[in-house]
Structures are given as C-alpha cells and as structure tokens.
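Quick note on labels: first sequence line is chain A, next is B, and so on, each numbered from 1.
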Amino acid sequence: MSEVSAASDRQSAVRLLACIDAAGTGTDSDHWGEDIVASLHAQSRLQALDFWMRNPDYLANELLTVFEETGEASLVQLAERIFDDREPDLRRLPMIRYHFGAFEPLDNALSILVAAGLLKIRRQGSPGQVREHIYLLTIKGREAMASLAAAAPELAWYRDRAAIVTRIAGDKGGKALKDRQYLQAEYAGTELNHIIAPITERVRKRLDAILERAGR
Amino acid sequence: MTASWLETVAEKAGISPAEAEIALRRRGITADRPMRPARTLTITAVAFKGEKGGKAQGAIDFCWKGLKPGIWAITSEKNFAGKSSIIEIILWCLRGTPKDLQGDVRKWLSWVALDFMVDAQPYRIEFTVDSGVPTGTLMRIRPGGTPTIVDRFSSDEGFAAAMSQFMMNTLDLDPIPAMQGKEGDKMTVEHGWTALSGGLYFGGDHKLLLGDVQMGGLPARMLQMYVGLPWARTVMQARAVKKEVEQEQDQSNKAAARAAAEAAKARTRLDTDLAAAQKTLAELSSTQATAEELERLAGEVARLSPIAIDQAARHAEAQAELKGLRGLADTDERALRNLRENIVAEQFFNGLEPVCCPRCEAKVSGERIKRESVDLNCSLCAEHIPVESMEGVSETIEAGERRAQASSSAVERAVAHEASLRRLADDAGKAVDAARRALEKAATGTTFQQRRDAELAVARLEGALKERKTDGATPAPSPDLALVRAATKEAEAAYDESRGDILQRLSEEILSLAQRLGVRMLEAVKLGSNATLALTKGGESTSFSKVTAGERLRLRLATAVALLRVGQERGLGRHPGLLIIDSPGAEEVSDIDLAALLGELQTIARETPGLQILVASANPPAIVNQLGEDRCRIAEKDAYLW
C-alpha cells in the first residue's frame with residue numbers, strides 16, 4: 001500500500017448515511033417530527049462506527065472476539081470473507097488518531113446529506129458548548145439509502161457492512177466503543193497525529209488458528 | 001674322603017675345581033689350613049712415663065721387667081692405687097686400642113713401651129702419647145738386639161689397625177664374619193682382634209665364657225677359633241656367605257615377584273583399556289569420511305552456495321516486483337471502485353433538489369430552485385454549476401476497468417513467476433543446506449581424526465601389552481649359590497668328621513681344672529660347640545650362666561687353660577696362653593679364696609708350658625705370701641704403684 005487512500009465527500013456521505021440508517025433507533029423519532037424515522041446519538045458513536053467501516057482488519061478482529069464469546073460461526077465466515085475479498089488492502093481508509101480516538105472531520109460529507117434533506121443534525125447544549133450531536137434520519141434519507149444500494153453493488157456494500165458494524169457495536173455508547181477499539185495494541189500504540197496502523201497479519205493468523213481448531 | 005673338599009664342592013656345583021677355587025676365594029671362603037700348634041704370647045716388660053695432673057702430682061716413671069711365663073701379680077692395699085691402670089695400659093698396647101683406660105691417666109702419659117715374645121721372638125711396642133694420642137712403632141727385635149720396624153702408627157685408628165693386623169696374622173686368627181641388621185636386610189660385619197682379644201681378659205662379672213661381647217654368637221665363634229677345630233673357620237666363612245647369597249637371592253626373588261605382580265596388574269589394566277579402545281574403534285563406522293570425501297563435500301558446498309544466493313536474489317527480485325504490481329493493482333482496483341461509487345453517488349446526489357442550507361437549515365426557496373435550473377446557478381451558494389457532462393463516463397469506466405484488468409493480470413503472472421522462482425530458490429537453498437550439513441557432519445561428527453585417534457590408541461595399547469606379555473624372567477639363581485651351599489655342606493661334613501672328641505676332651509679338662517680351682521661339688525662339665533657349658537653340680541644339672549660370679553671366673557679360667565692344654569696335647573688350637581685377670585677378689589666375686597686360687601693357678605702354670613697369667617688384685621699379704629715378692633709389684637698402705 002504505497003499511498004494513503006482517501007474517500008471523496010460523496011463516498012463518505014454514503015458511508016455515514018449507511019451507518020446512521022443501520023444504527024439509528026426509531027424509539028424517540030416521534031419527538032423529532034413526522035419526517036424523522038431514526039436517530040443516532042453522539043458524534044463519538046458515529047465516529048466509532050465509522051472506524052470499523054474504514055478498517056476491515058479491526059472489524060474482522062472484533063468479529064472473531066464476538067465469535068469466541070458467543071460461538072456464532074457466521075461471524076467467522078464474515079471475517080473470512082473480509083480477508084478473501086482482500087478488504088484490508090482494498091477497502092481500508094486510514095484515519096488519524098487524536099486524543100479521543102479515531103477522528104476525521106465529517107462536516108463536508110454530512111452537509112451533503114443535510115442539504116439534500118436526508119439528515120437533520122440537532123445539537124444539545126449551548127452554542128460553543130455542544131454536549132452532544134444527535135443525527136436524525138429522515139424518511140427521504142432512508143429511501144435514499146435503499147435507492148443507492150439498489151443503484152450499484154459497490155454502494156450496497158456500505159449498507160451491508162453498516163449492518164454488520166451495528167451488530168458488533170450493539171447499543172454501546174461512543175466511549176465504550178472507543179475503549180474497545182483501544183484494546184488493539186496497534187491502535188493504542190499509534191502515536192498521536194499518525195495514521196492508525198493495520199493489524200491485518202495478526203488477525204489473519206488469529207483467523208487461521210480459529211479455522212484450524214474448527215478442523216478446516 | 002678320597003676327593004678333596006674343593007673337588008667335591010666343584011663337582012656338586014658343576015664347575016671345575018679351579019673355577020670353584022677362584023669363586024670361593026672371591027667370596028672369602030677358603031679350605032681349612034693344615035693344623036699347627038698355637039703360638040704363645042708372653043709379656044716380658046711394661047714401662048710408661050708421664051706427669052700426673054689434677055689433685056695427684058708428680059712424675060710418672062713405671063717400669064716392670066723380667067716377666068716370664070708363670071703367674072705375676074700387681075697388688076695394693078687400697079683401691080685406686082693404679083693396679084687396673086697397669087692392666088689397662090698393657091691391654092692398650094696389645095689391642096692397639098684402650099679397653100677401659102681412664103681418660104685422665106691416658107692424658108698424663110707421655111711414653112709407653114711393652115716388650116713381649118711370640119714363641120721365642122721378642123717384639124717391642126713403643127710410642128709417645130700427646131694429649132692421649134699415640135705415635136710410635138711396633139718392632140721386631142733381632143737376635144743382636146737391633147729392632148726392625150714392623151709397623152708405624154700416629155693415631156688411635158692407626159695403632160688399632162697395626163696391632164690388629166699383626167696379632168691376627170701372628171696368632172693365626174681370622175676375622176669372625178657375622179650378619180647384622182634386620183631380617184632380610186642384613187649386612188656382613190667382621191669381628192676382629194678387638195673382639196678376639198677378649199679371650200685373654202678376665203674382669204668384670206664374667207657373664208660370658210669367652211670374651212665380653214655377646215653379639216652375633218661371638219663366644220661360640222671365639223671358642224671354635226681358639227680351639228682351632230678343623231674346618232670350623234671354613235664352616236663359619238661358608239655359612240656367612242651362604243646367608244648373604246641367600247639373602248641376595250631372596251631379595252631379587254622378591255623384587256622379581258613384585259615386578260611380576262605389577263606387570264600382571266598392568267596387563268589387566270591394558271587389557272581393559274584395549275577392549276574399550278577396540279570398541280570405540282568398532283563403533284566408528286568404517287564408511288566415515290576420508291580426506292577426499294571431505295574435499296568433495298566442501299567442493300559441493302562451494303559449487304551450490306553461489307547458485308543458492310543467485311536464486312535467492314532472483315526470488316527476492318520477483319517478490320519485490322510482485323509487491324509493486326500488487327500495490328499497483330490495488331490502486332487500480334480502488335480507483336475503479338471509487339470511480340464507480342462516485343459516478344453513482346454523484347448522479348444520485350445531483351438528482352436531489354437541495355431542501356435546506358446545511359449550515360443554517362434554512363429552506364431553499366422555489367425561486368432559487370428555478371434559477372438553478374434556468375441559469376445553472378447553485379440554489380444554495382449561487383455559484384455557477386457546470387453543465388453535467390455524463391458523456392464519456394462509460395469510456396472512463398471502461399478505461400479504468402481495462403487498466404485494473406491489466407494490472408490484475410500482471411499480478412497473476414507475477415504471482416506465478418514468484419512462485420516458480422521461490423521453488424527454485426527453495427530447492428537451491430535446500431541443496432546447499434544439505435551439502436553444508438553433510439560437510440559439517442563429516443568434519444565434526446565421528447570424523448577422520450577421531451577414527452585415526454582410535455586406531456592409534458588401539459595400536460599403542462597393543463604395543464604396550466605385547467611389551468608386558470612375559471612376566472620378566474625369574475632371576476637366575478646366583479651362580480655362586482649352589483657353590484656356596486655345597487661349600488657349606490661339605491665344610492660342615494668335614495668339620496663334623498674331624499671334630500671328633502675335642503669337645504669331650506675339653507670338657508674333661510675343664511672339669512678337672514675347675515675342680516682344682518675350687519668349684520665345689522662339680523661333678524660333670526659338657527662344653528657345647530656354641531660355647532655353652534652344661535654342668536652337673538651336687539647331683540643337679542645347671543649351667544655356666546646359673547652359677548655364682550666366682551664360680552664363673554673359675555670356669556672361665558679353666559676353659560682358657562683347657563684350650564691351651566688340649567691344644568698343646570693335640571697339636572692344634574690358637575689360644576696364645578696369656579691370661580690377664582683383673583680384680584679376682586672384687587665385690588662381685590667376693591667368695592673367692594684368693595690365696596687358694598692363686599696357688600692352684602701357680603701349680604697349673606707350672607704344669608702348662610707357655611702359660612702366663614697376670615693378676616691385678618687387692619690384698620698384698622695373701623698374694624705376696626703365695627707368689628713371692630719377686631713375682632709381684634706391690635703398693636703398701638697408702639702408696640701408689642706409680
């Protein structure tokens with residue numbers, strides 16, 4: 001991997017839309033208005049979800065961890081697919097590490113969604129002292145995600161992947177998820193302002209060991 | 001005996017009589033000499049001068065001359081009047097070494113002379129004394145009175161040697177050999193004149209029948225010597241040499257036995273070592289590396305190494321190329337996917353009407369939307385929107401696909417190429433590793449050198465074992481052993497044969513003389529060849545050592561006189577007929593009836609030609625009364641003899 005891959009704002013918009021669509025919950029949607037179908041709390045949670053979207057090796061590792069906790073064999077198959085499709089080489093979008101974890105300004109990509117009326121963003125707290133961002137998915141937004149996934153298999157990947165990431169993340173908050181991501185030595189050991197290193201080889205071996213134990 | 005002793009001995013030893021004679025003489029064994037009568041020794045004068053020192057004062061000038069055979073006495077009222085000193089000075093002269101001469105008296109002396117006769121030949125010993133050390137001569141006095149010097153001396157040792165040589169030769173005596181020391185490690189020593197002269201002296205407490213040295217069976221030898229028993233000397237010599245040779249033989253046998261035992265031990269050890277070495281050698285397979293094989297293996301390593309290095313380098317190149325191509329292919333694939341995603345997303349998002357400002361969420365007015373579609377001004381920011389040209393999009397995607405396809409194919413080819421080069425590199429690496437291992441094994445395993453070492457070890461041990469195969473010959477018996485044994489045996493036979501009744505005759509004579517000298521109730525005497533004297537006294541058996549000191553003195557005197565008389569009777573013997581008796585009435589022999597003893601000795605002396613007796617004793621009246629004044633030197637009351 002000679003150069004650092006980057007995504008266009010539109011690609012990022014699709015990726016984030018997929019995350020919010022998959023992970024947003026409908027419980028308090030009535031509170032926000034008729035056109036809102038789901039809400040996702042906190043920028044940190046969105047970023048944590050996005051981290052797994054952009055780092056297939058870290059995601060595969062989490063899949064294996066959950067497999068070892070639950071014994072759910074389909075998770076191993078998912079991890080295997082990630083490696084078979086060479087996702088760590090082809091799909092990885094490196095992120096910079098800041099004090100509070102993986103971070104990349106999401107504003108441009110989110111603006112595309114907001115301008116098109118697919119997403120609304122509510123900020124709680126006073127101006128300049130935002131405590132929490134709340135991402136509100138509109139009916140139009142959910143329809144847009146379905147249309148995008150139908151338009152091209154490459155974009156359907158975002159929808160499917162977001163579903164997996166959501167499953168791994170569960171209902172945990174952004175801080176808990178970041179702590180979990182920090183568990184990976186490479187992530188924690190990454191110096192500030194540096195690209196978070198891949199853990200591809202380690203996870204590959206872990207997967208092989210699991211497959212071997214399973215008699216494959 | 002028709003054959004001589006020497007002939008018989010030579011025959012038994014299996015050598016010629018001439019050889020036997022030389023061998024025996026070398027060992028100091030000689031055939032018995034023809035018997036001849038004993039020589040007599042008679043003191044004729046004694047004189048000495050000097051200066052007294054210490055408490056005693058005055059010049060010394062003693063002279064007693066005109067002595068002849070018969071009994072002579074030195075007597076004084078009191079002790080310490082010089083009696084014993086006169087006796088001791090005479091003994092000093094005769095022996096050449098003082099016996100018990102007091103040190104101060106010896107230092108007082110400045111000149112001493114002793115005249116004596118051997119048979120009819122006069123001799124004179126004359127010497128000066130300086131601080132006790134004698135310097136002088138032994139002279140033979142010729143008929144005209146002119147002296148001829150026989151020997152000179154200027155030290156104690158010289159004087160002793162001169163007198164010993166003279167007396168032993170003149171009186172026909174032989175040194176008495178004796179073995180001394182620990183068993184198995186004995187040394188031959190010789191008792192000469194100093195010991196033999198003990199046969200002339202009768203003093204002290206008379207513990208021994210003859211002389212005063214118990215060591216080495218000396219009294220028995222002295223008896224044999226003075227009796228002059230035929231073959232006694234030869235027996236004595238032969239026995240001593242036999243012991244010596246047997247001891248030598250024994251020692252060399254023991255040494256040989258030790259050496260044999262050590263050799264046997266060494267053989268056992270070598271056998272064990274050899275077996276171990278042979279086992280080691282056998283375990284080193286005979287197909288081990290030779291030098292040629294080592295060289296071949298080293299050559300193989302040298303040949304294969306550059307090939308492996310070259311293949312590894314080519315493989316590394318292919319790997320690098322593959323990696324580069326993979327990166328390129330990945331980039332192409334990502335670019336193609338990005339292209340597709342962006343085209344779809346752009347079309348989708350562009351197809352959407354903006355509804356609000358993403359910044360303030362203000363609704364976009366219908367007018368702005370209208371203006372955008374008419375004027376191509378953005379309904380949000382009013383910037384000009386370029387006319388969408390979707391033309392060429394499919395060409396771009398196609399180009400991207402071709403590109404991705406090409407790079408993907410290149411990767412596939414590179415993968416195949418890398419795999420084949422990897423196999424070649426692996427094979428070459430394995431080949432050189434195998435060659436290296438083979439060389440290492442040949443060089444460091446059970447190697448050429450080890451095999452050679454093992455062979456050398458076996459050869460060395462075999463050699464050492466061969467060297468010790470025999471126990472080393474048992475030492476040949478000393479050639480002299482048979483000879484000496486035969487000589488001893490024959491001499492003993494001759495001695496036994498010729499000894500005849502001499503001891504019996506001596507016993508009779510001793511009995512008779514002892515009875516005359518006053519040994520009461522003595523009924524029988526039996527002299528043993530070992531100088532023991534068995535007695536029958538008052539019906540009881542007893543022996544010399546068990547009777548009183550006075551009786552022992554009488555028996556000793558009887559024995560000495562008997563030796564002289566039987567010798568004269570038989571024409572043999574060697575006792576010179578001089579008896580020197582010191583203090584016969586001393587405390588230890590106080591039961592002596594001195595007058596009776598002297599009277600009887602006087603009678604015996606008259607009967608016995610050549611017998612001279614010198615007595616030193618207290619009690620002048622008794623002595624003078626018995627012997628007459630002319631035969632005495634007397635110191636009366638408090639006077640000194642000199």
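- With a 4.5 Å cut-off on non-hydrogen atoms, A/L110 does not touch chain B at all.
- Using a 4.5 Å cut-off between heavy atoms, A/L119 does not touch chain B at all.
- Of the listed residues (A/A144, A/A13, A/A152), the one with the most heavy-atom contacts under 4.5 Å to chain B is A/A144.
- Side-chain contact, A/R206 with A/T65: a donor N or O sits under 3.5 Å from an acceptor N or O.
- Screening A/R81, A/R54, A/R161, A/R92 against A/E87 for a salt bridge (Lys or Arg N to Asp or Glu O under 4.0 Å) leaves a single residue, A/R161.
- In this structure, A/R10 forms no cation-pi arrangement with B/F349, as its terminal cationic atom is not both closer than 6.0 Å to the ring centre and no more than 45° off the ring axis.
- Of the two parts of B/E333, only the side chain, counted from C-beta on, holds a non-hydrogen atom closer than 4.5 Å to a non-hydrogen atom of chain A.
- Summarising the geometry of A/L40 relative to A/A23, their closest heavy-atom pair is CD1-CB, 3.5 Å, with the distance given to 0.1 Å.
- Most heavy-atom pairs under 4.5 Å with chain A, from the set B/V344, B/L352, B/N338: that is B/N338.
- Side chains of B/S407 and B/R326: a donor-acceptor N/O pair is absent below 3.5 angstrom, by distance only.
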